[in-house]
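Note that the coordinates shown come from a computational prediction; the quantities given were computed from them, not determined experimentally. The analysis underlying the following values was restricted to heavy atoms, covering all of them including side chains, and did not include hydrogens, waters or symmetry mates. Numbering of residues begins at 1 and proceeds along the displayed sequence.
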Amino acid sequence: MTTKMISATGADVHGGLMTTKLTPTGAEYVHSCHVSKYMGSVTDEGQRLPNLPSKLTVTLEHSREREATKQPPGIHRTMMWVNKTASLQVIQLRRHWAKPTQTAGVQNVVRAVLETYLVPGRRSNPDTTRMNYIVASQRKILVSSLHLDQCFSKFDVTNACIVLKSGLRLTNLKTVKVLRVTGRFRETVSDSKGIEVSREELLGLFRTCETLKEIRFEGREFLLPHSVPAEMIPPTLKTRNIMVSYEDRRGTIHQLNWDDGQWQTTTNEPSLRIPQEELDQQWALEELARLTTDGILVSSLHLEQCFSKFDVTNACIVLKSGLRLTILKTVKVLRVTGRIRETVGDCKGIEVTRLELLGLFQKCETLKEIRFEGREFLLPHSVPAEMIPPTLKTRNIMVSYEDGRGMIHQLNWDDGQWQTTTNEPAFRISQEELDQQWALEELARLSTDGIHVSCLHLDRCFSKFDVTNACIVLTSGLRLTNLKTVKVLHVGGFTGTGTIPSRIEVTREELLGLLQTCETLEEIRFVGREYHLPLSVPAELIPPTMKTTNIKVSYERDREHGVIHQLNWDDGQWQTTTSEPALRIPQEVMDQQWALEELARLSTDGIPVSCLHLDQCFSKFDATNACIVLTSALRVTNLKTVKVLHVGGFTGTGTIPSDIEVTREELLGLLQTCETLEEIRFEGLEYFLPLSIQAERMPPTLKTRNIKVSYERYREHGVVHQLNWDDGQWQHQITVDGSVRVDIFQGKLDQQWGKKELAVLSTAGVSINRLYLHRSFSNITDNTQSIILTSGCTIPVLHTVRELRISYTDVDLEVFLRILAYTKECTKITWIIFEYCNVPDEVDAKLIPHLLKQRGLKVYWFPKTGEEYILDLGAGNWKKWRRQYGRD
């Protein structure tokens, strides 16, 4: 429940409760309108209020469907209080009051209140605020502050009024003491036009507001005059000495000097930021010029993603917009930033030559530091000592370049070389070719200087290791040769989102060659499903130096598994280092082979597997050999340490696979094979478990272990079945709060389980939006009380189904009438859809039950031709129809 003043057509107040005749607007519905602490009465005509209290609150409560209307939240409350002097009060107009509403009744009530010198508070309805302000002005009530919050448009000199963005005009300005005009609060205003306030508008505004003592403009969108010529200023304005200030949200406050009509800056050593937007850049250049003229030092000038080059000839910085930054004499710190993100593959590098760099230093006389931040800047590799003027060496300006990889390069004025100030930097090389080129340059520089790289991260860009040339080949074709100073090599791959890339096999020769090339290597990590390392490295192939250095080699195929393999140099075998991991076996054969290796290794080491997830790859359980057979024909034999077995199947998208029946013998054999098993879950339309298990066939050990066996055919059905070990029957749990849909296909087991789930849902009273019979409908019984499925199963009358859909089954006239008769018994069915099948061309309207016509039943036919028809129940013929809704 929220509160807001809204549209009303009339109002009466009696004994503290104001009852309203209200006109809802949009999705707003008023529940009550209450006036608290009220004494006396008031009518629609607006008679005066006797015996007024010290405070009166008007509250309108309503509900709003915000998701549908997408309207901003409104003002919550109108506060009014008695103050006969009525001074030192605030009136505020806001921008989202763009269009006036017709609040006739509310206005009458508030007008009656105002006749006794009540003044509105800060949070008021737009119309009542405007009306209250006019009344306050007419009664010579001083308004201490009038705040125009993002709604000022211009000052109309001819009519002496302020025009708001909504088109409303404020004409009564004589009693305003302080006028505050605020604009956009955010940093940039590139999506809005600048609001220009001319000299004539500014002076006219001063003349109109007779009691005005101060006016403040706040926000970058306001374009005030650069100066007001002294001859244009009337003597009366100089005498009144109105304080005129403009705050530009950069920490700089400009105040108008009435003696000469110029702006004075009141902030000490401000900092300026010049963004990418051209409008902001224009204002920043004007501010910088004003500060330079006043001799005010700029503590920091930040060029944010807008630097293009330094024009040596004209001694100015050229921005990407084409604007030129010529006044740089008072800047102390110049910070030039580029792209903030990791990669800059979609932008060209910005080259800064030696001449540009030196010219920039000489132009900025007060410069103490310059910083370049971002990978897109290409600074000179060195500055020859003979090119450096002696004055620059004396000034010792700090020149630094941060490349976004944690490395900071600082220019040494003695020899003109860059020094790396970061100890053992870390590198990340992405998929973008430009990024890779820069990384290779930096890596070569570090290798030449003998600086160790703490970590080199190849982010989805590793292709292979070229043993002949001792280099890594990247996906772009570039070659990574400077690997001697790398300590840790991290080869990152597929992280679990998007398309899995092509398989990359790393052979024994490549792995050993890579390890021998990196002389300082301490660790190498492969992470990603696309990488396939050798299942082992024969001990005779391992050089003795490798065993001595003992480089850590680890391989993590999928982080969801939680399994990390580490190479043992003694025997060349992989060891598993994670406790109780989870394994997922997908449909791909290569991934299945690796997963089976992992499972075998875990089983040998006696490490429990918290969950083994078979993702659409389960085929059957081979009871003879006590193993699971996958769809690829591979066999899962190491099941003794598995705690939870999750058999996942069809998830609702794509083609439904062939039916897979799990017999009683298979289920019981699987449970006995997995000695540590605590739970087994089957999920998918293709799996069909036995409808029950005879109690006498259950081994006593299974009853004692009480393994949780659950079966969920389709999540949209909303039913989970759990096996009861006492009687071997399934217990059912409803997993949805709202309505569900039930699909029944042509398989016998599918129809048996579908019938069971329909019974469960019907008994629980769950609403079934759709009963979809896909190639499974056969007929209706003679008594029209049940649907006969192709397997012989019958579905009785259901009072919770809303739509019956029959597909791929031709229906003759007799069966069609039986379906209508069956629908008559199902009290909630309002839709019947025949899909991709043949139906009678017409039906005798007299044979259609009159009850169905009264109920408003709709019968649709979607043949294979792609046309759509609806049955006219009154005439009995089909009419062409085009669906206007989102049902499929």
Could you go through the side-chain contact (heavy atoms from CB on, under 4.5 Å) check for Val336 and Leu334 one step at a time?
CA-CA 6 Å; Val336 185; Leu334 179 61; 4.1 Å; yes
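- Ring pair Phe526/Phe462 is perpendicular by interplanar angle, where above 60° counts as perpendicular and below 30° as parallel.
- The minimum heavy-atom distance linking Trp574 with Val553 is given by the pair CZ3-O, 3.9 Å.
- Judged by distance alone, the side chain of Arg199 and the main-chain N or O of Ser227 form a donor-acceptor pair under 3.5 Å.
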Could you go step by step and tell me if Val298 and Ile296 meet the side-chain contact (heavy atoms from CB on, under 4.5 Å) rule?
CA-CA 6 Å; Val298 177; Ile296 298 174; over 6 Å; no
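- Scanning both residues, Arg324 and Leu285, for their nearest heavy atoms gives O-CD1, 3.8 Å.
- Proximity of a side-chain donor or acceptor of Thr520 to a complementary backbone N or O of Val486 within less than 3.5 Å is detected.
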Go through it in stages, so that I can follow the logic: the residues are Ile388 and Val383, the test is side-chain contact (heavy atoms from CB on, under 4.5 Å), and I'd like the CA-CA distance, side-chain angles, deciding distance and then a yes or no.
CA-CA 7 Å; Ile388 303 174; Val383 180; 3.8 Å; yes
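- Of the possible polar contacts, one joining the Tyr555 side chain to the Tyr531 backbone as a donor-acceptor pair under 3.5 Å is found.
- Counting heavy atoms from C-beta on, the side chains of Cys518 and Leu483 come closer than 4.5 Å.
- Closest heavy-atom contact between Pro225 and Leu202: CG-CD2, 4.3 Å.
- The SG atom of Cys455 lies 7.0 Å from the NE2 atom of His490; values are rounded to the nearest 0.5 Å.
- Leu474 is not listed as a side-chain neighbour of Arg479, based on a closest heavy-atom distance of 4.5 Å or more.
- Residue Cys306 comes nearest to Gln276 through the heavy atom pair CB-CA, 4.4 Å, listed as atom of the first residue, atom of the second, then distance.
- No side-chain heavy atom of Val333 sits under 4.5 Å from any side-chain heavy atom of Leu301.
- Under the 3.5 Å distance criterion, with hydrogens and angles disregarded, no donor-acceptor pair is assigned to the side chains of Gln575 and His565.
- The distance from the CG atom of Leu355 to the CG atom of Leu357 is 10.0 Å, given to the nearest 0.5 Å.
- In this structure, Leu297 CG and Leu291 CG are separated by 9.5 Å, a value rounded to the nearest 0.5 Å.
- Put simply, NZ on Lys320 and CD on Gln305 are 6.5 Å apart, with the number rounded to the nearest 0.5 Å.
- Side-chain atoms of Gln281 and Ser321 form a donor-acceptor pair, as typed in the model, at a separation below 3.5 Å.
- Two residues are said to be in side-chain contact when any heavy atoms from C-beta on lie closer than 4.5 Å; Val467 and Leu514 fail this criterion.
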Salt bridge (charged side-chain N to carboxylate O under 4.0 Å, His left out) evaluation trace for Lys487 with Glu523:
CA-CA 7 Å; Lys487 286 188 164 184; Glu523 180 183 355; over 6 Å; no
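- A distance of 6.0 Å or more separates the ring centres of Phe372 and Tyr401.
- Between Leu378 and Val352 the shortest side-chain heavy-atom distance does not fall below 4.5 Å.
- At a threshold of 4.5 Å between non-hydrogen side-chain atoms, the residues Val491 and Val527 do not count as touching.
- One finds no salt bridge joining Arg508 and Glu510 here, because no Lys/Arg side-chain nitrogen approaches an Asp/Glu carboxylate oxygen to under 4.0 Å.
- Checking His302 against Thr337 by side-chain atom types alone, a donor-acceptor pair falls below 3.5 Å.
- With respect to Glu556 and Arg525, no salt bridge is recorded, no charged nitrogen being found less than 4.0 Å from a carboxylate O.
- Comment: Lys552 does not engage Glu522 in a salt bridge, judged by the lack of any side-chain N to carboxylate O separation of less than 4.0 angstrom.
- Within the structure, the side chain to side chain donor-acceptor pair (under 3.5 Å) test picks out no pair touching residues 352-366 (sequence neighbours left out).
- With respect to the salt-bridge test (charged N to carboxylate O, under 4.0 angstrom), the residues Arg371 and Glu402 do not qualify.
- At distances below 3.5 Å, at least one donor-acceptor pair connects side-chain atoms of Trp569 with backbone N or O atoms of Ile551.
- No more than 12 heavy-atom neighbours from other residues, nucleotides or ligands sit within 6.0 angstrom of NZ on Lys329.
- Side-chain atoms of Thr293 come within 3.5 Å of backbone N or O of Ala289 as a donor-acceptor pair.
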Run the side-chain donor-acceptor check on residues 533-546: report pairs under 3.5 Å with partners two or more places apart or on a different chain.
none

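- When all heavy atoms are compared, the tightest approach of Thr481 to Cys471 is CG2-CB, 3.7 Å.
- One distance of note links CD of Gln417 with NE2 of His409; it measures 13.0 Å at 0.5 Å rounding.
- The distance from atom CG of Leu367 to atom CE of Met398, rounded to the nearest 0.5 Å, is 12.0 Å.
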For the pair Leu456 and Leu480, evaluate side-chain contact (heavy atoms from CB on, under 4.5 Å) and give the outcome as yes or no after the intermediate values.
CA-CA 11 Å; Leu456 177 59; Leu480 192 57; 3.8 Å; yes
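- When all heavy atoms of Ile397 and Phe361 are compared, the closest pair comes out as CD1-CB, 4.1 Å.
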